[in-house]
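The structure under discussion appears below in the form of structure tokens.
These numbers come from a predicted model, not from an experiment. Any value given below was found using the heavy atoms of this structure, including those in side chains, with hydrogens, waters and symmetry copies removed.
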Amino acid sequence: MRRRLRVTCTLCASITLLCCGCIAVPEREGPVFHVDPSGVHERFEVGLLFEHLDAMLGALASEDFTATQDGLRNVNIDRAHLPASVFDVCNRYVELCNLLTDTIGSLRLAVEDCESSLENNDLTGAGLSLGISRSLLTRAREQLIALEKATAEAFVLLRRSGQGGSSSQLEQSRLMISRTMERVTLLASEYESRLDAAFLEATVKNDLLQPDLTLHVRDDAVWVGDITAVSGVLSVDGKPITNKEITLLIDGVGVGVAQTDGDGAFARSVTLPFEYVPRHIVRASYQPEGDDLGRYRAVTSDDYVMTVRFHTSTVALAVPSQMHPGLGATVVGTIDSSGPTEGREVMILVGDDAVGTRQVGPEGDFSIDFRVAENAVEGEVQVKAFVPADDSARCAPCDFTVDTEVTTVEPTVELSMSRFAFVPSLSSSLLRQAVTGTFVGLETVSVDVYSSLPLSVMHMSAAAGERQALWTQDEIHAEVQVPVECRVWDMGMRQLIVRASADEPWHRPTEATAQLMLVNLLIPNVLLVSLGVVLGLGVLNRRRLRHAVLEPEPLPLPVLQSIPYDVAVAAVDGISFDDVGGSRQLLARLYYQAVVVLQKTLGVMLRREMTLREYLVSVQQRLGFEPRIFGKLTMLAEEAMYGPREPDRQSARLGRRLLAMLRSAQSNSDGERDGSEDAQ
């Protein structure tokens, strides 16, 4: 019971504090559809988009145009994962919000201009601003209607596609945007009310007198910075308006104030600014003040175009085709002007950095030496000569730009060395190298380094493998010992790489390569020894095989070289073909019986010096029947006579079948031969 009471009290206290604002409600994560485009790609939420747009429209209704424009500028849905229909609706909605913001912002400025003009009795300016405001107000109302239709279509589509959240969330968002758009509509109505009031005020002030203001300038053309006289008359219906202030303007900027006299005339001298432009627009303006606001309208004189005189100038510049970081460079040039040139200052800029200034000589020529920055970026750069205006001599400024290139130079590295490297070399460490499996030799390399630019110390390295030699070189020529490392069985082409790096910023690192033939003396020696061993073993094996062929098993081989044919056949006829002596003896007997068959059939004798394989070759070309029968029987006989193992019974049975097949083939061959003889 106490526990339930404690939980209930805690819950009530939390609700009370929450309602009072003492507990911070965890806010939903901010919109992820703007600021970071990668977030758009991964975590875009349509519901958050419309919440954001509702906030921006609220800022627009409060006339916070800066916040509205910034918020809409941050919206980014181009890379969002959305269905095409939803994407088009969202994109169109954002465009409409942007258009409405720009229109209402321009409308506010036009209304303020209209009201300001009316305050000064400038009915002409007020009428112009009033017309612009009416047009902008009509456009704003059309855009509001389009935005309302787009809102209805967007939420219907979102409800169908399920992209904007649940139905309750969508309805809540739609109501919020609708209420915000009502506030924007009220703002447009306020502007319309202000325009109506301005129109009424302009109608009332339309009965005010319209003064006339004339303007005359003494000189049609004036040197820059010189003084000229300006005069005129202020009147209304032919009567002078006295003791009024006339503001004189040059290019819309006030440069002085004149006072009308008893005849309504005014006069004043004005100084032209040191602006080297072709012409100036001079005006006079009268703005009613105080009691005059109830009698006169504002008036501005016609424009008077005044030509500005000054000395034109040109500059020519000669720049080196290439410049190098950290090295000096010289540019020369001349200034040509209709005015004086001696003593004028010229500034040289490389890119955006000023590198030197100089006073021009009597003939307008100049020469400037400067040093290129050590951290200058390689590539094309603009060298600019800038001559400021000389107001004392009324000479206009001028400039001239030349493209050049900032580049570094690669030193030239030449290598001279033997094309062959022999390893291993005889040394006290030869045994240790053989144990580690790596041979190291030293190759003498001649290195020559030179450059077209000043060259001091070069940091060098050379390597023909993993090990490298390091040294510094302050002269053109140097000879170094470069380690050549290889494995025990490595041999072939090896690339030698020499790298050079200078301290000067105008040099860039370079490298040179050379091909080196690596000759491993261990490999040919090992090959020779191996070849000798193989040849020796071959000779021994050949002797053993010949001995085995000449002296086979105890089975006697009939000597058929000089014995007549019938005797040779009879010499083998008495051999029994039982299993006495094992499978080895049986297969030998079967083979010799097959030889007897072939001797009778083909007349090819098995001589004493012939091996089984040689006899097979001699009879193979004459066999009219299947030669593989006797070949298979020869292989079984070889395995039986010279093989290390005793043949099994299956081999013996195969031998019997092969002999039977051979005899059958021989009988068929004899029958065909007899038949052919009878036919003849």
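Remark: S321 pairs with no residue by the side chain to side chain donor-acceptor pair (under 3.5 Å) rule, at least two apart or across chains. For T404, there are no side chain to side chain donor-acceptor pair (under 3.5 Å) partners at least two apart in sequence or on another chain. Looking at residues two or more places apart in sequence or on another chain, you find no side chain to side chain donor-acceptor pair (under 3.5 Å) involving T407.
Distance CG/D353 to CZ/F370: 11.5 Å, rounded to 0.5 Å. Interatomic distance, Q593 CD to L659 CG, rounded to the nearest 0.5 Å: 6.0 Å. Taken from OH in Y450 to CE in M458, the straight-line distance is 12.5 Å, to the nearest 0.5 Å. One distance of note links CZ of R653 with CG of L587; it measures 11.5 Å at 0.5 Å rounding. To the nearest 0.5 angstrom, T330 atom OG1 is 3.5 Å from D369 atom CG. Distance check, rounded to the nearest 0.5 Å: CG of L590 to CG of L636 gives 9.5 Å.
The closest donor-acceptor contact from the side chain of E638 to the backbone of L612 lies at 3.5 Å or more, if one exists at all. Between the side chain of E646 and the backbone N or O of S583 there is at least one donor-acceptor pair closer than 3.5 Å. Proximity of a side-chain donor or acceptor of Q473 to a complementary backbone N or O of I476 within less than 3.5 Å is detected. In this structure, R584 contributes its side chain and G643 its backbone to a donor-acceptor pair below 3.5 Å. A distance-only check finds a donor-acceptor pair linking the side chain of S618 to the backbone of Y615 [under 3.5 Å].
In this structure, V604 and L598 have side chains that are not in contact, with every pair of non-hydrogen atoms separated by 4.5 Å or more. Looking only at side-chain heavy atoms (C-beta outward), L616 and M635 stay at 4.5 Å or farther from each other. Using a 4.5 Å cut-off on side-chain heavy atoms (C-beta onward), V377 and P325 make no contact. Residues W506 and V372 have side chains not in contact (no heavy-atom distance under 4.5 Å, counting atoms from C-beta outward). Using a 4.5 Å cut-off on side-chain heavy atoms (C-beta onward), K632 and L654 make contact. Counting heavy atoms from C-beta outward, H459 and D503 have side chains that approach closer than 4.5 Å. Put simply, the side chain of E504 does not reach to within 4.5 Å of the side chain of H324, judged on heavy atoms.
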- Task: Mind running side chain to side chain contact (heavy atoms under 4.5 Å, CB included) on H507 and S451 for me, showing each step along the way?
- Result: CA-CA 9 Å; H507 283 124; S451 173; 2.8 Å; yes
- Message: What verdict does the side chain to side chain contact (heavy atoms under 4.5 Å, CB included) test give for E479 and T444, after you've listed the backbone C-alpha separation in whole Å, the side-chain angles of each residue and the deciding distance to 0.1 Å?
- Response: CA-CA 7 Å; E479 291 190 359; T444 301; 4.3 Å; yes
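Around atom CG of D352, no more than 12 heavy atoms belonging to other residues, nucleotides or ligands sit under 6.0 Å away. Surrounding CD of E374 are at most 12 heavy atoms belonging to other residues, nucleotides or ligands under 6.0 Å away. The number of heavy-atom neighbours closer than 6.0 Å to CD of Q515, taken from other residues, nucleotides and ligands shown, is above 12.
In this structure, A500 and V413 approach most closely via the heavy-atom pair CB-CG2, 4.0 Å. Closest approach of P505 to G326, counting heavy atoms only: CG-CA, 4.0 Å. In this structure, V402 and L317 approach most closely via the heavy-atom pair CG2-O, 3.8 Å. Minimum heavy-atom separation, G351 to V381: N-CG2, 3.8 Å. The minimum heavy-atom distance between V449 and L455, with the atom names listed, is CG1-CD2, 3.9 Å. Smallest separation of non-hydrogen atoms from W471 and A478: NE1-CB, 4.4 Å.
In this structure, F630 and Y591 have parallel ring planes: the angle between them is below the 30° cut-off, well short of the 60° mark.
Among the candidates Q468, E511, M460, the single residue satisfying the side chain to side chain contact (heavy atoms under 4.5 Å, CB included) test with V498 is M460.
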